[in-house]
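Letters A, B, ... mirror the listed sequences (proteins, then strands); counts begin at 1. Since we're looking at a predicted model, the values are computed, not measured.
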There are 2 protein chains.
Amino acid sequence: MPEEPLHRQIADDLRQRILGGELQAGDPVPSENALMAEYGVAQGTARKALGALVAEGLTEARRGSGTRVRGFRPILRRGSRRLDRSVWGEGRSVWEVDLDGRPLEVDRLTVQEQPCPERLAGALGIAIGDPVWVRDRRYLVEGEPVMLAASYHPASIVAGSAITREDTGPGGAPARLAELGFAAVHYREQARTRMPLPGEAAALELGAGTPVMLVVRYGWAEGGVPVEVTEMTADGSRYLMEWEFPA
Amino acid sequence: MPEEPLHRQIADDLRQRILGGELQAGDPVPSENALMAEYGVAQGTARKALGALVAEGLTEARRGSGTRVRGFRPILRRGSRRLDRSVWGEGRSVWEVDLDGRPLEVDRLTVQEQPCPERLAGALGIAIGDPVWVRDRRYLVEGEPVMLAASYHPASIVAGSAITREDTGPGGAPARLAELGFAAVHYREQARTRMPLPGEAAALELGAGTPVMLVVRYGWAEGGVPVEVTEMTADGSRYLMEWEFPA
DNA sequence: AAGGATTTGTTCGTATGTATT
DNA sequence: TAATACATACGAACAAATCCT
């Protein structure tokens with residue numbers, strides 16, 4: 001008879017307690033048994049209510065321990081870095097940023113030559129299957145994975161340079177591209193979001209209900225020559241992306 | 001006994017069929033009954049496997065009808081519009097963009113004066129509770145909601161202007177700000193993602209497993225005066241965000 | 001147009017496994 | 001070791017929406 005299913009009513013109750021501030025980050029949420037008693041429902045129903053909150057990313061369940069409220073303290077990634085931030089409002093963001101301090105470490109770096117995959121050929125201005133160098137890596141903050149990134153460069157440009165080695169040297173890939181006469185002068189970045197594939201969830205150690213932010217950066221040298229495409233897969237619960245531009 | 005739970009094995013099978021291209025967008029996924037027969041499991045187990053794919057946003061279930069594979073054809077939103085796109089690679093994006101053509105319509109527009117909420121006071125350079133004008137609206141594409149947006153302007157700047165009325169006139173709010181001597185000359189945008197709250201899911205008619213992309217735009221006039229903060233909530237399955245900037 | 005078959009959605013109950021406290 | 005709490009899986013029944021004959 002209930003127009004609203006029981007499990008959703010319970011989930012709504014719990015969600016309100018969380019969003020209303022009654023239950024704060026780290027606080028335990030009532031257990032399945034507690035909900036069975038409180039609402040007089042079967043375990044499956046209590047379980048479904050708790051599962052809904054997990055799927056929304058509001059809570060985190062651990063076997064034997066219980067279910068707790070999650071928090072959000074993002075890392076800030078700035079797309080454009082050149083402008084002086086102090087000019088335009090030191091102004092607090094609407095989100096509290098757990099900024100800086102903690103350095104990004106690189107993990108699981110692989111560098112190899114591959115045939116250019118179909119989706120990148122147009123953006124790199126080369127043919128499908130043409131050789132590209134791929135720098136694939138994982139970023140950690142305080143030992144926890146937060147982002148995956150793979151950079152692609154046409155082999156016709158970077159072959160023989162330090163970009164094809166693990167250590168790109170001082171200034172990194174941008175500096176090497178500049179030495180090759182192909183300094184990137186213009187970037188375009190595209191971002192979308194979706195739920196992670198199992199492989200991504202594993203590599204980023206994502207909890208259920210955590211979407212990923214996908215960012216693709218396209219870089220061009222003078223004259224419109226494509227020199228880089230980077231595909232990033234970021235933990236949506238850890239990242240805040242920022243871009244800055246004139247009106 | 002199974003190291004990998006049954007429902008996950010089944011989900012993995014189905015996922016592979018989808019990602020491998022065997023099942024394409026719009027195709028029906030085996031029903032609960034079919035899975036019960038094929039794998040010899042109870043309904044709850046088959047159901048959980050199907051539910052996992054729905055939660056990942058890969059499929060969409062409709063009662064009485066069945067479960068089908070979802071597609072992704074995003075709308076492109078450009079943050080910065082000034083640069084000539086043709087200069088930097090007509091280059092295809094890594095994602096197929098169902099670009100342009102279809103206009104954005106505005107729906108459910110409300111304009112009202114409110115006390116400034118805490119999270120925006122710093123960014124707007126005013127005190128909590130100071131009056132701000134809020135333009136709240138929903139955007140549709142072909143009748144379907146795709147984004148919610150709320151723009152905030154300090155009343156001290158926009159009071160009396162057309163920005164406080166539903167119809168802002170030709171050129172919209174930016175043109176009116178310019179007339180007031182507070183043309184925005186610099187923008188900063190921040191983006192993050194998370195699963196939607198129930199209210200957001202309802203307003204955007206989101207299917208399960210669809211995250212939202214949250215974008216906040218901060219606008220400043222000459223001299224660093226804050227003139228605008230806009231909070232956007234976009235359907236993650238419909239939007240591709242783009243920014244462009246010099247290296 | 002009516003009705004039956006199909007398909008997903010909800011809820012109950014029961015049992016057992018596994019990780020944590 | 002024992003208690004707690006989440007995880008998996010079974011079976012059964014009914015409801016609600018859709019589809020097809």
Is there a side-chain contact between T67(B) and the phosphate of dT8(C), meaning an N or O under 4.0 Å from OP1 or OP2? yes

Atom pair distance, as rounded to whole Å: CZ in R68(A) and C1' in dA5(D): 12 Å

On DNA chain D, check which nucleotide each of Q43(B) and A46(B) is closest to and give me the residue with the more 5' one. A46(B)

If you check every side-chain atom of R63(A), which of dC10(D), dT8(D), dT18(C) has the closest atom? dT18(C)

State, yes or no, whether a side-chain contact exists between V216(A) and W95(B) at a heavy-atom distance under 4.5 Å. yes

Over all strands shown, is G44(A) touching base, sugar-phosphate only, or nothing at heavy-atom distances under 4.0 angstrom? nothing

Please determine whether the number of non-hydrogen atoms from other residues, nucleotides or ligands lying under 6.0 Å from atom CD of Q16(B) exceeds 12. no

Does R47(B) make a side-chain N or O approach to OP1 or OP2 of dG9(C) shorter than 4.0 Å? yes

Minimum-distance nucleotide to N33(A) side chain [options: dT8(D), dA5(D), dT11(C)]: dA5(D)

For dT8(D), does either OP1 or OP2 sit under 4.0 Å from a side-chain N or O belonging to K48(B)? yes

Rounded to the nearest angstrom, tell me the gap between atom CD in E32(A) and atom C1' in dA19(C). 14 Å

Report yes if a side-chain nitrogen or oxygen of S65(B) is closer than 4.0 Å to either non-bridging phosphate oxygen (OP1 or OP2) of dT8(C); otherwise report no. no

Yes or no on side-chain hydrogen bond (donor to acceptor under 3.5 Å, both in side chains) for S151(B) and R137(B), after CA distance, side-chain angles and deciding distance? CA-CA 9 Å; S151(B) 293; R137(B) 59 214 183 269; 3.3 Å; yes

Any side-chain N or O of T45(B) less than 4.0 Å from the OP1 or OP2 oxygen of dT8(D)? no

Between dT6(C) atom P and L35(B) atom CG, what is the distance in whole Å? 16 Å

Whole angstrom is fine here: how far is it from NE2 in H7(B) over to P in dC6(D)? 16 Å

Do R194(A) and T193(B) have a side chain donor and acceptor closer than 3.5 Å? no

Take the protein atom CZ of R62(B) and the nucleotide atom C1' of dA17(D), then report the distance between them rounded to whole Å. 10 Å

Within this structure, what is the CE-to-P distance between M36(B) and dA13(D), rounded to whole angstrom? 13 Å

Taking the side chain of L6(B) as its heavy atoms from C-beta onward, which of dC6(D), dC12(C), dA9(D) lies nearest to it? dA9(D)

Nearest 0.5 Å, please: how far is OH in Y39(B) from CD in Q9(B)? 9.0 Å

Just the rounded figure in Å: distance from C1' of dT8(C) to CG of L53(B). 15 Å

Grab the OH-C1' distance between Y39(B) and dT8(D) for me, whole Å please. 18 Å

